[in-house]
Each structure stands twice: as C-alpha cells, then as structure tokens.
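Take a look at the structure below.
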Amino acid sequence: MTDTPPDTQPKGHEVIASYLKLLDNSPGVYRMLDAEARVLYVGKARNLKKRVSNYAKPTGHSARIARMIRETTEMMFLTTRTETEALLLEQNLIKQLRPRYNVLLRDDKSFPNILVSRAHAFPQIKKHRGAKKEKGNYFGPFASADAVNRTLNQLQKVFLLRNCSDATFDSRTRPCLLYQIKRCSGPCVGLISEEDYRQSVRDAERFLKGDNTEVQQSLAAQMQLASDEMEFERAAALRDRIKALTIVQGVQGINPRGVKEADIIALHMEGGQACVQVFFIRANQNWGNRDFYPRTGSGAEEPEVLEAFLGQFYDTKDPPRQVILSNAIENADLMAEALSEKLGKKVEILVPQRGEKAELIQGAARNARESLARKMSEAATQAKLLKGLAEAFDLERPPARVEVYDNSHIQGTNAVGGMIVAGAEGFLKSQYRKFNIKGTDLTPGDDFGMMKEVLNRRFKRLLKEDPDRESEAWPDLLLIDGGAGQVSAVAEIMADLGVDDVPFIGVAKGVDRDHGKEEFYRMGSQPFALKRNDPVLYFVQRLRDEAHRFAIGTHRAKRAKAIGATPLDDVPGVGATRKRALLTHFGSAKAVSRADLADLKAVDGISDALAETIYDYFHEKG
C-alpha cells in the first residue's frame, strides 16, 4: 500500500500490471484487495504471471470481473510447489476470508454415519457424527439424521441388532420393549447366542456394503433349514425378516445398479442464485440427498460455482470413488488429482451424457431446480416481512440481520441466555449463540442483570473483533423479550458501550399474556401494538417463540448435565468409561470418595497409579 489518499490511489488493471515484473511462471494463489485492505477475491493459477496478465488487460472481462478489477488497489501472492497445492490453499483461504467476489459454500456441516461398534462382544449399531475415533466399522455418509434413523429403523426390523448403550446392556435383567416389538434379539439377557448375534451383525454389514442378494440368499437358506428341522417358529421369524428386507429395498427410492459408490452433484442457477443438489450413493443404495445454496460471488458462472463448491465441500469430507456432475468444470483434472490425493485412491469426475448416470443427474438437477424455486419464493416472502418490520418499527431500511434475545432459568439456577438470528434467508441457525450466565453478584432470577451480562459480552466481542463494522455480524435490529424495564436495561448497557446506532425493541405480552396482544417498547416512545391479523405481528411472534425455544432447550441441556454431574468429573484421568466403572462398583460418588486405596485398585480398568490419584484427590480435598 502507498500513502496516496484513497480517492486518488491507483486502481484497476494498471495496478495489477505493475506486479507482472515481480512474477514468474510458478503455480500459486493470489489475493486482490481494495483500498481498505479488504480481500475482494482469492484465486489460484497454474501460472501466476499468465493469470495476472489477463487481469491487467483493460477490456474483455465480464461485468463481475471488471467491477472487481476496478476496486483492486493491491495484490498478494503465495507460490506453491504444485497446482494441487494451489487449489487446496485457495479453498482454505476462501473459507477463512470469505471474499465478496468468490463463490462461498455457507453450509458446511458434517454428515452422519452408521457405526457398528467393536468394543463389545455383542456389537451395538448406532448413529455417529464427527471424528471417527471409536473402534468399529463406519458406513456413510448419509445426507441427514433422518436418513440415518430411517435406515437404522429398517436394519433393526431385519437384523434385530441392539442400539442400547453398553451401560444399559450390562444392567438389564429383563428384555426391553424393543425385544417385545421384534426390533431386537435380546442379547442382553441371553436370548441369542454370541455366534448367532455376530452372524446377524455380519449380515447387516453386508447389506450396508450392498450385498443384498447374498444376504437374502443366506436368510432364505436359514429359513429352509429351520423348516426342514421343523423349527417352524424360527422359520416364520426368518420369513418375516426376508419380507422386511424386501420392503427396505423398495422404499429406498433410487437404487442404481451400475453405480456402487458416487456423489451425484447437480447445479441449477437462476436470478443470480444457485442451488447444488447432492445425492449420496453408497453400496448401490441411495443414502439421501441434501441441497446447498452457495453464495455466487456477485455473478460467477456455472463452471466456477461448481468447481468452488467441490473444493470447499470435500475440504473436510472424504470423496467417493466417483463424483458425477451436471456441468463440466474448468480444472477437472486438477480437482480429480486433489480428491484422489485426499482419498488415497483414484477419484473420477464424470459429466455423463447418456445412460443410468445421466438419468441420475437429471433427477438431481430437477430437485435442484425445484428447491431453488421454493427458496426464492420463501426469500421473497421473507424480504416482504423484513420490509414490513422496518415500516412497523420506523427503521431506516429493512434489517439484514435481526438478533433476538431471551433468558431461561429456574429460580435463578442453571441460568442461560440465548440469541437467535434471522435474516433474508430465514433463521440462521449456525449463527445462534448461548451464554452461560457467569455473574456472581446477580440476585437469583434477576432477568435485567442477566440481559445486561449477555449484551455486554455480545457487543464487547463485536467491538473487539470488528470495530469498523465491516462484517455481516453486526445486527440491524435487536428484539428483547420484555417490556419497559428490559428496554431501559438494554439502553443503559448500549450507552456504556458507545453503541448508539443499533435499534432495539422490547416485545412484551399484553395484560392477558396472550398471543396477538403483544406490546412493543422503544426508548422515548409510548408502547404500541400491531393489528391482530398483521403478518408482521405473526413474524415477530415466530422470532420471539424461536428465541424462547432455543433458550429453554439450552437451559434444559445445562440442567441435565448438572444433574448427571458428580465429583468424579473433576478427578484427573477419570473419563466417562472409568467414571461408569467406579459408580457401578461402589454405587455412588460418595462411596467412591470414602473408599480406601485397596478397594479402588480392585476396580476393573482402574490402574494402581489412577487409584492413588483418586484417593489423593478426595482425601486432600477433605
């Protein structure tokens, strides 16, 4: 950067051209910055000098690229050893910096898997999300928790595997309800042998791997054998399992014969917006689909949108052996190389024109088109409501970000504050925040004091992280659950922080505490109400109710954790498994604290060294 004033500072292709003499033909990543050093765009290049020279030309650019070039006052460069490294670095920087002109995947949650655990003689089958640290076999990913739950429910019907925890399993003396409704074989009370149960586990895993025919043949053979040996009850049970398996295969929807493992990814763009639909095909089975709405970087074209989506989507996920696309991308060979490197096996990127794969893409594209139409319709409705909110509350413009606050506690215990966020795209759940109330000088149940603490923490952090208010994290409107008292408390804290340009409204139930009779409070104004059938009133009620739901849920989770807490939680080296072993052995945490060293050493899984740590912890405290 130079000392030239911003209004006369050189910009555009001339500034970009000045960097050419500093560059060579190496691969790498470049950043384009504006006059305030904000990153406008992050790009990769197989040849940095050649790519940057394209931007240095005064003409021949799309409207989007021309705007970006005009705003550029500085560039930064990082060279890499390979083009693949440049691709990976580019996607990491995009996710970190979120530049305005880049395509950005906004929803990047992990996907659930099915885990068949291996830590027990009778393996458990369950849903798993996150790092694969637990010992066992993982099957996935599934598009959603619903898709996993549906499959688990079907597997229970067919293979009668347990889903209870090891602690529950070990404590059972009678079979549970799942056994009664024929969803479990009752291994906890010895109603199935270990070998027979393991065979069921093997059959379930073969099914999840796509060996459906072999599983059915195996069950049919077992049924015939039971019938020949006149074990008619067992034969009838096996017949019912074969029927259930047939139904499972029928309700899974698209089950491609020629595609064993692939992600089907289709893009549809319209009106500057994009929807990417992803279908997960594993073991020749459809394991659900998910839609994504990436930010299109102020007008990027389809190849760029899809390529950026792939890079960011697989940044934290293992790719399948095939990635089947609706549109070609510019650097397919580079992307395939990067994905293959990540998986440790060859990954193919295909754009099929005919056959079963093309039919799968057509179905995904249809879903993307319909999903985007619904999203745009909802966005139009949301925009209308936000405009109505601005008119009702006399705001300068429709708010892009509305934050709603609520507290929850029981007589002051386990107090938490909740913040939910809504904007043009509806509820932004990834932006929700919880606040454990930490103030030691608060009177139990002091709602005003709690609200002050929450807003203090929220806005002090905002002022620290973004004092110039350049990010989208700053709210345009605050809605507070409460009346005049809460609004006065908010005004006091905002004045102390020097934040005087964020409007806030108190939402209080009327005299009958009834929906439809809400009163709204603003500093310096009389309370007012909206007409009972006003859509804006319904909108505010939805916002307030969502904040209440979130705060109550957070409070209940905190209370449940507190109820389950014991002094053992603070003992170094005692995790969940050893805590369970100690409680099972002694019956209570109090009994553990009174146990002598010899008794502690006798507990399974407790080493002599840990027994001494536990003994010293309780006796030193005493």
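Quantities reported herein were computed from a predicted structural model and do not represent experimental measurements.
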- Task: Before giving the answer on side-chain contact (heavy atoms from CB on, under 4.5 Å), spell out for Glu546 and Tyr432 the whole-Å C-alpha distance, their side-chain angles and the decisive distance to 0.1 Å.
- Result: CA-CA 11 Å; Glu546 173 68 0; Tyr432 287 16; 2.7 Å; yes

- Take Leu155 and Leu208 through the test side-chain contact (heavy atoms from CB on, under 4.5 Å) and record every step on the way to the result. CA-CA 9 Å; Leu155 289 172; Leu208 287 168; 4.0 Å; yes

- Go through the steps to decide whether Leu310 and Leu339 satisfy the test side-chain contact (heavy atoms from CB on, under 4.5 Å), and finish with yes or no. CA-CA 9 Å; Leu310 293 178; Leu339 297 182; 5.6 Å; no

- Task: Determine, step by step, whether Val490 and Met494 satisfy the side-chain contact (heavy atoms from CB on, under 4.5 Å) criterion, reporting the C-alpha distance in whole Å, the side-chain angles of both residues, the deciding distance to 0.1 Å, and the verdict.
- Result: CA-CA 6 Å; Val490 173; Met494 299 298 262; 3.9 Å; yes

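In terms of heavy atoms, Lys95 sits closest to Leu104 at CA-CD1, 4.3 Å. Pro175 and Val189 get closest at one heavy-atom pair: CD-CG2, 3.9 Å. Of all non-hydrogen atoms in Ala86 and Val29, the two that sit nearest each other are O-CG2, 3.3 Å. Closest of all the heavy-atom pairs between Met419 and Glu403 is SD-OE1, 3.5 Å. Here the closest heavy-atom approach between residue Ser200 and residue Leu161 is recorded as CB-CD2, 3.8 Å. Taking both residues in full, the closest heavy atoms of Pro187 and Tyr197 are given as CG-CE1, 3.7 Å, listed atom of the first, atom of the second, then distance.
Atoms CE and CD, on Met451 and Glu492 in that order, are 13.5 Å from each other to the nearest 0.5 Å. Put simply, SG on Cys184 and NZ on Lys157 are 15.5 Å apart, with the number rounded to the nearest 0.5 Å. One distance of note links CG of Asn149 with CD1 of Ile114; it measures 9.0 Å at 0.5 Å rounding. Note that CD of Gln322 is 10.0 Å distant from NZ of Lys346, once rounded to the nearest 0.5 Å. The distance from the CG atom of Asp315 to the CG atom of Leu105 is 10.0 Å, given to the nearest 0.5 Å. Taken to the nearest 0.5 Å, the CD1 atom of Ile125 stands 10.5 Å off from the CG atom of Asn137.
Between Tyr293 and Glu425, every side-chain heavy-atom pair lies at or beyond the 4.5 Å cut-off. Contact check for Leu463 versus Trp474: side-chain heavy atoms found under the 4.5 Å cut-off. Annotation: side chain of Phe280 is in contact with side chain of Asp263 (closest heavy-atom distance under 4.5 Å). You'll find the side chain of Arg549 stays beyond 4.5 Å of the side chain of Asp406, heavy atoms only. Looking only at side-chain heavy atoms (C-beta outward), Val499 and Leu462 stay at 4.5 Å or farther from each other. Side-chain contact between Arg202 and Arg198 is present, with heavy atoms from C-beta onward closer than 4.5 Å. The shortest distance between side-chain heavy atoms of Met335 and Leu87 falls below 4.5 Å. Contact check for Leu178 versus Ile181: side-chain heavy atoms found under the 4.5 Å cut-off.
When ring centroids are compared, Phe111 and Phe313 come within the 6.0 Å threshold.
No more than 12 heavy atoms of other residues, nucleotides or ligands shown are found within 6.0 angstrom of NE2 on His548. By the 6.0 Å contact criterion, NZ on Lys260 is enclosed, its count of non-hydrogen atoms from other residues, nucleotides or ligands being greater than 12.
Each of Lys126, Arg118, His128 was checked for a side-chain hydrogen bond (donor to acceptor under 3.5 Å, both in side chains) with Glu134, and the lone residue meeting it is Lys126.
For residues 173-184, every residue pair satisfying the side chain to side chain donor-acceptor pair (under 3.5 Å) rule, not counting sequence neighbours, is listed here: Asn153-Arg183.
The backbone N or O of Ala143 sits less than 3.5 Å from a side-chain atom of Arg290, completing a donor-acceptor pair. Remark: the backbone N or O of Ala262 is not paired with any side-chain donor or acceptor of Arg321 at under 3.5 angstrom. Counting only distance, with no hydrogens or angles, the side chain of Ser227 and the backbone of Gln224 share no donor-acceptor pair below 3.5 Å. Within the 3.5 Å criterion, the main-chain N or O of Val347 finds a donor-acceptor partner in the side chain of Ser340. With hydrogens and angles ignored, the 3.5 Å screen pairs a side-chain donor or acceptor of Arg162 with a backbone N or O of Phe122.
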Just list the side-chain donor-acceptor pairs under 3.5 Å for residues 598-611, sequence neighbours left out, or say none.
residue	atom	partner	partner atom	Å
Ser607	OG	Leu610	N	3.1

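Ring geometry, Phe142 versus Trp287: the interplanar angle falls under 30°, so the pair is classed parallel (tilted spans 30 to 60°).
With respect to the salt-bridge test (charged N to carboxylate O, under 4.0 angstrom), the residues Glu261 and Lys345 do not qualify. Under a 4.0 Å N-O distance rule, the pair Asp545/Arg542 does not qualify as a salt bridge. Look at Lys209 and Glu205 and you find no salt bridge, because none of the NZ, NE, NH1 or NH2 atoms lies under 4.0 Å from a carboxylate O.
Residues meeting the side chain to side chain donor-acceptor pair (under 3.5 Å) test with Arg578, sequence neighbours left out: none.
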